[in-house]
Number of protein chains: 2
Amino acid sequence: MHFQQLTYFVAVAEARHFTRAAEAVHVSQPSLSQQIRALEAELGADLFSRARGNITLTDAGEALLPLARRILADAETARHEVQELVSLRSGRVRLGATPSLCTGLLPDLLRAFHDRHPGVRLLLEEGGSHDLVRQLARGALDLALVVLPLPAASPALSTVELLREDLVVVSAATEPPPGRDGSIRIADLEGAPLVMFRHGYNLRELTLAACRAEGFEPTFTVEGGEMDAVLGFVRAGLGIAVVPSMVAARAGHDLRRTALAGGGLRRTIALAHRSDVDPPRAARELQRMLLEHRPVPG
Amino acid sequence: MHFQQLTYFVAVAEARHFTRAAEAVHVSQPSLSQQIRALEAELGADLFSRARGNITLTDAGEALLPLARRILADAETARHEVQELVSLRSGRVRLGATPSLCTGLLPDLLRAFHDRHPGVRLLLEEGGSHDLVRQLARGALDLALVVLPLPAASPALSTVELLREDLVVVSAATEPPPGRDGSIRIADLEGAPLVMFRHGYNLRELTLAACRAEGFEPTFTVEGGEMDAVLGFVRAGLGIAVVPSMVAARAGHDLRRTALAGGGLRRTIALAHRSDVDPPRAARELQRMLLEHRPVPG
DNA sequence: TGATCTCCATAGGAAGAGCCTATCGGTGAG
DNA sequence: CTCACCGATAGGCTCTTCCTATGGAGATCA
């Protein structure tokens, strides 16, 4: 049984006429006759009664017709659905990102992507860099924005460096500025009241490591919040916090930004995906837009 | 798009392995690869991500899979339905029945069936219920009309109760009526001249069992004949006989019917077929007509 | 009745598709 | 490094599908 045979069969059933059916499907009449005969031979039953000038379906033909139509419709649907995915009129992207990027970089990007491909569903997973890497490897995510370097035991992931962001100290505008001359050294954080993120934030480990490199353990006034909570605590005067400059820039006028002196602290954000399989079309497109609009190449 | 390509596609989706899928569909691995690639080319999208040792469906593949399955199932259904029609046009039914039913119930039914399906050959096996059960089990019959209950050691047969028929006593119209007041008790058969069927007739065992339950052995004037012979002997005045009422009703005016008093004697006729295999289409159709025209539901 | 028309079936040859075996190339394990 | 595995590629054979040309049976009309 071939799709073409079913197409011819339906054409004859509708035209009730071999020659006109052949024209309708753009094939010569003998070819169509031959295919109908082949179909009849395979099924073991005549499909048409070929009374002269009055071609009609046999009972076997009647039984076949609705199924043939449905099969052809399904084939058409299949082509169409795949085409929708290819043309990005449908599909989805499962994107992971760290909380700071979710508020900083993503809104504009996702807005642009959605404007261009409104049919693609965007599923965002907000989480720590470690978790995101694990989910990528499991195939639960298509793409993730993670902090480099990746954990040593990372599975096969490809990464593209996306941007480096400076970390800055934020403090309440109502409090006296920390540090000196509008900048602050890591060493100045010793004994300073720090508001610290919960475990799992890469920022936490980065800050802790920097302090320890200077030979001291930082002091936490409050710890455990998400990004918004931390900024809120700082705003309320509970302490200061080390956050990405991109987050600080959006934090409003009631927060003061103080750059870190010396090399300061930076972290590298990369776009990661599994290296063994190509991401779906929609994810590749998002990746492309992300790299194209890369805010600061590094 | 070809059916074969969809078959291959589903095989790979299920095996997650090209080589094994090729074995499953009995084709060489290159042929299968080639067809998958052709399908991918036609649809304009990869269907599988061919990560080493981990073949998975892409989103396009995921979209196609359910449709491919449905198309293949529809094609199978189409073949099957046409085949059913063919077998009603040229099939056969091997039907077994007890002699009494062959003369009573079957003629009209078979006539109706033949009118509706003139191409179906009807092969009738007339025999005792025991023999019929054995032949059903051997696969020598498609359907049989048998007397319940089935022998204890019956193989796996499905039965549907069809009708219950009373047994009556027939005697020659020229002889004085047996019994009293137009009816007769089993006990009255003691010493009466009975014309008895040959071994194998269920009626024989039924009658014998009834007499023994009353504490006597019946007396046979003649024994060993088929239904027609028995009726002939009764007609000739050789004795009386216990027969199904349906047979007696058709026996003509020269035979007198006398009902059995008290609960009387009844037997249950059922339609039986093997329960492990579906009967052929034509047999199912006969079964359907039989149940639809069931004379007396019970 | 015979000529003609219509329309499906048949014949024969060219182009193409599918399948095969043999082989390549990349990856992961020992 | 070598080997095993596994999907991709190459080349050749065969079968299918298509075409054009033609056959042949039933209807129509003179």
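Throughout, a chain's letter reflects where its sequence line sits, starting with A, and its residues are numbered from 1. Keep in mind that what you see is a predicted model, and the values were worked out from it rather than measured.
- The phosphate of D/dT9 has OP1 or OP2 within less than 4.0 Å of a side-chain N or O from B/Arg37.
- Aromatic ring orientation, A/Phe9 versus A/Phe48: tilted (interplanar angle from 30° to 60°).
- Interface residues of residues 12-25 of chain B facing DNA chain C, ordered by number: none; criterion, heavy-atom separation under 4.0 Å.
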Task: Protein proximity profile, nucleotides 13-26 of chain D - base contact B, sugar-phosphate-only contact S, no contact -, cut-off 4.0 Å on heavy atoms - done: ----BBBBB---BB

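- Rounding to whole angstrom units, CD1 of residue B/Ile36 and C1' of D/dC6 are separated by 15 Å.
- In this structure, A/Ala210 and A/Ile186 approach most closely via the heavy-atom pair O-CG2, 3.8 Å.
- Between the CD1 atom of A/Ile55 and the C1' atom of C/dA9 there is a distance of 12 Å, given to the nearest Å.
- Using a 4.0 Å cut-off between a side-chain N of Lys or Arg and a carboxylate O of Asp or Glu, A/Arg212 and A/Glu217 qualify as a salt bridge.
- The residues B/Glu62 and A/Arg92 are annotated as not salt-bridged, no charged nitrogen and carboxylate oxygen being separated by less than 4.0 angstrom.
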Open item on the list: Please convert DNA chain D into dot-bracket. A pair counts if it is Watson-Crick or G-U wobble with both distances under 3.5 Å; crossing pairs go in [ ] and bases paired with another strand get |.
Closed with: ||||||||||||||||||||||||||||||

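- Between A/Arg20 and A/Glu23, none of the side-chain N atoms (NZ, or NE/NH1/NH2) sits under 4.0 Å from a carboxylate O, so this pair counts as no salt bridge.
- Under 4.0 Å is where a charged nitrogen must lie from a carboxylate oxygen, and between A/Asp108 and A/Arg111 no such pair does.
- Side-chain N/O atoms of B/Arg50 include none lying less than 4.0 angstrom from OP1 or OP2 on D/dC6.
- Between B/Phe3 and A/Phe3, the ring planes lie parallel to each other; the angle is under 30°, not in the 30° to 60° tilted range.
- Proximity of B/Leu95 to B/Leu141: side-chain heavy atoms (C-beta onward) are nowhere separated by under 4.5 Å.
- The existence of a salt bridge linking A/Glu285 and A/Arg288 is confirmed by a sub-4.0 Å separation between a basic side-chain nitrogen and an acidic carboxylate oxygen.
- Residues A/Arg267 and A/Glu205 are not paired through a salt bridge, judged by the lack of any N-O separation under 4.0 Å between the basic side chain and the carboxylate.
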